Structure formats: structure tokens, C-alpha cells
Amino acid sequence: MTQLIGIVGSGIMGNGIAQVAATAGYEVVIYDINNKSLKNAEETVDRYLTKDVQKERLSIEVKNDIVNRITYTTEINQLANAYFIIEAVTEKMEVKEKLFSELDKICNPDTYFATNTSGISITGIAGAIDRLDKFIGIHFFNPVPVMELVEITKGHCTSDNTVEAAKKLVADFNKDSIFVEDSPLFVVNRILVPMLSEAIFVLSEGIASKEDIDKGMLLGAKHPIGPLRLADVIGLDTLLLVQETLYFETMDSKYRPPSLLRKMVRAGLLGRKSGEGFYKYG
Ligand SMILES: NC(=O)c1ccc[n+]([C@@H]2O[C@H](COP(=O)([O-])OP(=O)(O)OC[C@H]3O[C@@H](n4cnc5c(N)ncnc54)[C@H](O)[C@@H]3O)[C@@H](O)[C@H]2O)c1
């Protein structure tokens with residue numbers, strides 16, 4: 001029988017993870033509390049796969065099979081019999097804890113739980129549930145269908161069996177992985193996020209225009225995308241929450257988030273997902 005993957009959160013990351021899981025042949029249920037986000041996720045997956053069909057990387061029949069393997073729902077009970085749950089909700093400890101505590105009661109005792117957190121402690125989130133041994137960090141990168149890497153992180157009580165199951169899942173998803181200790185922001189974001197933060201400080205100090213900051217890193221450091229445009233792709237609200245984790249966990253002032261970033265989030269300028277961040281979209 002085809003195994004079921006439950007995705008929680010249908011935002012930027014959730015819809016990409018759902019697409020990759022369905023492409024790997026799994027049945028997928030994607031659950032969100034927000035109907036609009038689910039609708040948007042469905043359209044995003046369809047748009048991505050349609051592009052693949054147009055570029056002749058995928059037949060229309062295969063595209064339809066992938067689309068038909070994904071169910072979009074606001075009913076959390078539909079996740080009860082999942083083989084693996086992958087959580088991709090808002091980057092807040094209290095939101096993730098409450099969700100996993102509810103899932104722990106609903107789901108089959110054999111169900112594995114994974115979080116896609118960008119940097120919150122895996123052991124900390126697992127504190128909300130009884131199945132501590134079945135909890136693991138699987139951190140995907142944005143955009144999920146394109147990026148090859150995931151970071152796998154064990155919590156203090158994660159069993160070897162769960163690590164093996166996660167590794168197999170990641171291999172099925174056709175992703176490569178690195179293994180990272182449970183530490184704020186893991187590896188990639190620990191290095192990347194301070195660079196994005198510095199770009200925002202450079203902008204707010206009036207050292208260069210946003211276009212020249214991005215051009216500087218594109219041409220001068222051979223980055224594939226400028227740091228301010230990348231911040232818009234990530235979502236400025238998520239970026240701020242991730243920076244706060246690094247700052248509060250280390251209590252090191254070098255990681256303080258730029259006040260410009262905080263102001264933009266308060267103004268609802270969240271980047272590409274809200275139509276405007278450092279740049280305007282749509
Ligand atoms: N954006 C990125 O580049 C990126 C990259 C890697 C990891 N992540 C991580 O992935 C997670 C999700 O990030 P995102 O960018 O997709 O966020 P997002 O804001 O695009 O989407 C979050 C979704 O979660 C839903 N949600 C919130 N609370 C919920 C709940 N209790 N139950 C069900 N759904 C709920 C929201 O309605 C929304 O649709 C975060 O932990 C983030 O740190 C993000």
C-alpha cells in the first residue's frame with residue numbers, strides 16, 4: 001500500500017514539500033488552518049508542474065498523477081494514519097509545540113514526526129510530545145522542488161531507527177543530505193542568515209542602493225541571487241523570526257536583527273509572498 005505523507009502548513013515550504021513527496025510516489029495530505037493558503041498552494045504546485053510539462057521534462061499524464069496524489073484539507077484528522085508528518089508552519093516555538101501536541105494525540109503511535117524549522121531546537125519542540133524517539137528535524141531549502149539539500153538533525157531522544165527512516169525518505173524525495181547537530185539555525189542558515197542581515201544593515205546605513213548591494217554580491221561574490229532579493233524570497237517575517245532565534249539562543253549582539261527588517265515586517269512588507277518587500281512583485 002502507498003504510504004501517506006502528512007504535510008502541515010501550505011505556505012512557501014509546505015507546498016514545495018508536498019510536490020516533492022507526491023512526485024516521489026507518496027500519497028500526500030496537506031493540512032492548513034487557512035483555506036486561502038491551501039488554494040494558493042494548489043495553484044503553485046500546478047503552475048510548477050505545468051512549466052515542467054511545457055519544457056517536456058514531464059508528460060501530462062505524470063503531471064496529473066502527481067496532482068491527484070495530493071489532498072488539500074483543513075481537517076487535521078486526515079493526518080491520523082500518516083507514515084511521516086512533515087511540519088512547515090510559522091517559525092514560532094509556541095505554534096509548533098501546540099500543533100505537535102495535538103498531532104501526538106491524533107496520529108497513529110507509529111507515525112514519525114519531522115519539523116522543517118529553520119533553526120528552533122529540535123529537542124525543544126519534541127518536548128511537547130510523548131513520542132520523543134520518533135521526532136526529527138528535516139530542513140528543506142527554498143524552492144523545495146529545485147534545491148538539492150536537506151539538513152537532518154537529531155533531537156536528544158531521537159532513535160537511530162527514526163534517523164534511518166528520515167534518511168530513506170529524503171533519498172526517496174531525490175534529495176541529498178547533511179547531518180547536523182541540534183544547534184541554532186543548523187549549518188546553512190547559521191552562515192547565510194548573518195550575511196542577509198549584514199546586507200540589510202548596509203542598506204539601512206545608506207552605504208549603497210538595494211540594486212547595487214544585490215549586484216555587488218551577484219557579480220562580486222558570484223552568488224546566484226542578491227541577498228535582498230533572497231530575503232524577499234524567504235519571507236521577511238520568517239527571516240526576522242529566524243534571526244531572533246539566533247540572537248536569543250546565543251545572546252551574542254553580533255546577531256541582533258536590523259531594525260529596518262523589523263519595521264518592514266510591522267508594515268506588512270513581507271517580500272514576494274505579500275507582493276512587496278525590498279522589491280515590488282506581481
Ligand atoms: N521560507 C523559507 O525560505 C524557509 C526555508 C526553510 C525552512 N523554512 C521553515 O519552514 C516553516 C514554514 O515557513 P514558510 O516560509 O513556508 O511559512 P509561510 O508563512 O509561507 O507559511 C506558513 C503556513 O503555516 C500555516 N499555519 C500556521 N499555523 C498553523 C497551524 N497551527 N496549523 C496548520 N497550519 C498553520 C499558515 O496558515 C501558513 O499557510 C518555518 O518553520 C520556516 O522557518 C522556511
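As the structure is a prediction and not an experimental result, all values here were calculated from the model. Each ligand, and each atom within it, is numbered from 1 in the order the structure gives.
Ranking the protein heavy atoms by distance from atom 27 (C) of ligand 1 puts T90 OG1, 3.3 Å first. The protein heavy-atom contact nearest to atom 37 (O) of ligand 1 is D32 OD1, 2.7 Å. The nearest heavy-atom contact from the protein to atom 29 (C) of ligand 1 is I33 CD1, 3.6 Å. The nearest protein atom to atom 16 (O) of ligand 1, hydrogens excluded, is given as M13 N, 2.8 Å; this is a heavy-atom distance. Nearest non-hydrogen protein atom to atom 15 (O) of ligand 1 is I12 CB, 3.7 Å. Looking at atom 3 (O) of ligand 1, its nearest protein heavy atom turns out to be N142 ND2, 3.0 Å. Considering only non-hydrogen protein atoms, atom 1 (N) of ligand 1 sits nearest to I234 O, 2.9 Å. The nearest heavy-atom contact from the protein to atom 8 (N) of ligand 1 is S118 OG, 3.2 Å.
Donor-acceptor pairing under 3.5 Å is recorded for the side chains of T115 and E87. Checked by atom type, the side-chain pair D172/Y26 shows a donor-acceptor distance below 3.5 Å. Judged by distance alone, the side chains of Y279 and D214 do bring a donor and an acceptor atom under 3.5 Å apart. A side-chain N or O of D232 and one of Y281 form a donor-acceptor pair less than 3.5 Å apart. Counting only N and O atoms by type, the side chains of D32 and S10 include a donor and acceptor under 3.5 Å apart.
Considering backbone and side-chain N/O atoms, N34 never comes within less than 3.5 Å of an N/O atom of ligand 1.
Looking at T115 against ligand 1, nothing comes within 4.0 Å, counting heavy atoms. Contacts with ligand 1 closer than 4.0 Å are made by no heavy atom of V233, backbone or side chain.
For F135 and Y112, the ring centers sit 6.0 Å or farther from each other.
Aromatic ring pairs are classed by plane angle as parallel below 30°, tilted from 30° to 60° and perpendicular above 60°; the pair F141 and H139 is tilted.
Proximity to K273 (heavy-atom distance under 4.0 Å) selects the following atoms of ligand 1: 18 (P), 19 (O), 20 (O).
Atom 40 (C) of ligand 1 has its nearest heavy-atom neighbour, among T117, L239, V89, in V89.
Between F173 and I86, the closest heavy-atom pair is CE2-CD1, 4.0 Å.
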